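One structure below.
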Amino acid sequence: MNILILGSGGREHALAWAVMQNPKCDKLIVAPGNAGIAQIADCAALDIENGTAVVSFAEENAIDFVIIGPEAPLAAGVADRLRAAGLLVFGPSEAAARLEASKSFTKEVCDAAGAPTAAYGHFTDAEAAKAHVRQHGAPTVVKADGLAAGKGVIIAMSEEEAIAAIDDMFGGAFGGAGAEVVIEEFMEGEEASLFVLVDGEDVLAIGSAQDHKRVGEGDTGPNTGGMGAYSPAPVLSAEIEAKAMEEIVKPTMRVMAERGMPYQGVLYAGLMIKDGQPRLVEYNVRFGDPECQVLMLRLGAQALDLMHAAAEGRLADAQVNWADDHAITVVLAAQGYPGGYEKGTEIKGLDALPEDSSNMVFHAGTKSEDGKILAVGGRVLNVTARGDTLQEARDRAYAMIDEIDWPQGFHRRDIGWRAL
Ligand code: AMP
Ligand code: GLY
């Protein structure tokens, strides 16, 4: 099979790594890719949000299967364009991708499905939104309806904060994403993510993870795209996972199919768990980054077979072969992230690190120049390890990090604390 992966982050490096373990992969191209991906696959410059360009590229390169990593091409309908051209794709249609691209859409589908989630109101003008806040009080959660790169959610501990967030959103702080606002009940509990493959009809859970969104140790400081993750998430016991599948995932997937927009790809269910009951926080229509890195290290080559089965509608016969293992990934970021940071600093010491089925450094924001690896993003490396226990995996990851020479980078030393 000739395979094309769209994307350029640590998630796509991990997907590429897993795909390359599988002998069914004859040729792999990742567009646009990064310096780490270029060490294991061909990389190609391509505007991945331009459906016409992606279809032409896939046809010219005799691609059999396209795996779409990030949400932006999905929300732009690239999967639809590829399918219309007769290509096999892993990733939902533009219509189904609204489960991530529109929070009010998701809330309404959950209502129709009877899926447990936070109570909410949906507003297109600031005054009505503020009246809702005054009526329901704080704490509350104010969300820009559209895609805001993970930044459009404000947890407001007071009414004043909520009202300021409403003014910001309707004032254009999140561009078009904030033209509509969802205000939700604040849910308490412990968060975990469940990853489920869906083929339009059947579903298959492929693992759980927890990430660390805050930049600082002890889960403090501003939110980031994720500073580390581990899998499995101990809070998602088999019983709670089964509840999440029966009460949340399956009913919402049924509603999507009934409405003529069957979901195909990976569904990332962000859950809040309290007193043994999961409730949906959000759906994403792609793998999490960095959660994908730990899932791929655990799944290995079978990840390709599973994604292929989802794309071909064969999940009813598919199963996951789990080792009883744990994986962790620690993000190395450029100093200053998630604010401004320097680009082009050199990272040394990567060549000496082990690369095997228990130790992998996935690249997120790197480029290679004159034989050097340079940091060019905020989140730069994902040092990922696997072990029989989380502690063993964690020790391996931090041992690798200690060999990396990058004075302009930083990382959290406490990834996995909640589970340990
Ligand atoms: P989202 O982009 O919807 O995942 O929101 C980002 C983060 O905000 C989540 O991962 C939660 O930590 C938090 N969050 C979102 N909605 C709620 C809610 N209704 N109650 C409590 N926390 C929430
Ligand atoms: N790590 C969170 C996300 O990918 O949305």
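All ligand and atom numbering here is 1-based and tracks the order in the structure. Since the model is a prediction, treat every value here as computed from it, not as a measurement. Scope of the values below: all heavy atoms of this structure, side chains included, with no hydrogens, waters or symmetry mates.
- Using the six-membered ring where Trp is involved, Y230 and H212 have ring planes that are tilted, between 30° and 60° apart.
- Taking every non-hydrogen atom of E184 and a distance limit under 4.0 Å, the qualifying atoms of ligand 1 come out as 16 (N), 18 (C), 19 (N).
- For residues 107-123, the pairs satisfying salt bridge (charged side-chain N to carboxylate O under 4.0 Å, His left out) are K107-E184, E108-R259, with sequence neighbours left out.
- Protein residues with any heavy atom under 4.0 Å from ligand 2: D211, G225, Y268, N284, R286, G288, D289, P290, E291.
- Legend: ring-ring contact (aromatic ring centres under 6.0 Å, His included) pairs involving residues 265-307, not counting sequence neighbours, sorted by first then second residue: F195-Y268.
- Contact annotation: for M187 versus ligand 1, heavy atoms closer than 4.0 Å belong to both the backbone and the side chain.
- Under the 4.0 angstrom criterion for non-hydrogen atoms, E188 is not in contact with ligand 1.
- Of all the listed residues (M272, E282, E191), E282 holds the heavy atom that lies closest to atom 1 (P) of ligand 1.
- By the 30° and 60° cut-offs, the orientation of the rings of H13 relative to F362 is perpendicular.
- Of the heavy atoms in I155, only side-chain atoms (C-beta onward) come closer than 4.0 Å to ligand 1.
- Listed by number with element, the atoms of ligand 1 under 4.0 Å from a non-hydrogen atom of K143 are 3 (O), 15 (C), 16 (N).
- Counting only heavy atoms from C-beta outward, the side chains of I183 and I166 approach each other to under 4.5 Å.
- Taking every heavy atom of V281 and a limit of under 4.0 angstrom, the matching atoms of ligand 1 come to 9 (C), 14 (N), 15 (C), 16 (N).
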What side-chain donor-acceptor pairs closer than 3.5 Å can you find for residues 321-328, not counting sequence neighbours?
from : atom 1 : to   : atom 2 : distance (Å)
D325 : OD1    : R298 : NE     : 2.8
D325 : OD1    : R298 : NH2    : 3.1
D325 : OD2    : R386 : NH1    : 2.7

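- Defined by atom type and a distance below 3.5 Å, a donor-acceptor pair is present between the side-chain atoms of Q391 and D395.
- In terms of heavy-atom proximity, Q293 sits nearest to G288 at OE1-O, 4.1 Å.
- Of all heavy-atom pairs between A58 and L4, the closest is CB-CD2, 4.4 Å.
- Close contacts between ligand 1 and K213 involve ligand atoms 10 (O) [criterion: under 4.0 Å to a heavy atom].
- Salt-bridge formation is detected for the pair E71/R286: a Lys NZ or Arg NE/NH1/NH2 atom is positioned less than 4.0 Å from an Asp or Glu carboxylate oxygen.
- Considering all non-hydrogen atoms of both residues, E12 and S8 come closest at OE1-N, 3.5 Å.
- Close approach to K103 involves these atoms of ligand 1, each under 4.0 Å from a residue heavy atom: 2 (O), 3 (O).
- Close N/O approach between V153 and ligand 1 is not found [any backbone or side-chain N/O within under 3.5 Å].
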